[in-house]
Amino acid sequence: MTKPLWAPWRLEYVGSADEQAGCIFCTAREGGDEDGFVVRRAAQAFVLLNKFPYASGHMMVAPLRHVGELAELDNEEVLEVHRLAGQGMGALASVYRPQGYNLGWNLGRTAGAGITDHVHLHLVPRWAGDTNFMPVLADVKVLPEHLVETRRKLAEAWPS
Ligand SMILES: [Zn+2]
């Protein structure tokens with residue numbers, strides 16, 4: 001079990017989650033990098049931090065288009081989402097030195113997706129001795145490092 005830690009960004013998110021209208025990915029796409037915790041933007045897709053991180057540096061890669069079905073993505077979107085995930089691993093490697101990664105699509109609410117109508121690929125860094133994959137996808141851990149700092153570090157370390 002994870003002990004509860006003070007995490008201002010989570011309190012803020014939980015407090016506003018009910019009132020938040022619309023899609024968090026579309027909101028992040030339209031807003032500033034800092035406000036939306038956007039780490040990287042590309043022509044067809046972009047990368048943002050998960051505000052409910054399972055580990056430091058947990059990112060999500062989403063197509064720019066608001067698409068709810070994986071099969072609706074076109075070839076360029078599929079390619080760029082995965083290219084960005086690969087580059088994200090490079091950024092994570094230089095900042096956090098994880099020992100492995102989980103890449104996963106949570107499709108549908110039963111599979112654990114919080115947002116079901118804008119597909120996104122989770123990129124979760126892993127270390128020996130951290131939690132198993134299923135608990136990782138099912139529970140939320142609170143982290144000591146503030147998301148603002150994580151976003152800045154990963155954006156600066158992004159492979160060119
Ligand atoms: Zn959307």
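Counting starts at 1 for both ligands and their atoms, in listed order. Source: prediction; values computed, not measured.
Ring planes of H118 and H66: perpendicular class, angle over 60° (limits at 30 and 60°). Classification of the W127-Y96 ring pair by plane angle, with boundaries at 30° and 60°, yields perpendicular.
Under 4.0 Å is where a charged nitrogen must lie from a carboxylate oxygen, and between E80 and R83 no such pair does.
The main-chain N or O of L49 is never found under 3.5 Å from a side-chain atom of R151 such that the two would form a donor-acceptor pair.
Its N, O or S atom nearest to the Zn ion (ligand 1) is what matters here, and for H66 that atom is ND1. Restricting H118 to its N/O/S atoms, the shortest distance to the Zn ion (ligand 1) is reached by ND1.
Taking the Zn ion (ligand 1) as the apex, the angle formed with SG of C23 and SG of C26 is 120°, to the nearest 10 degrees.
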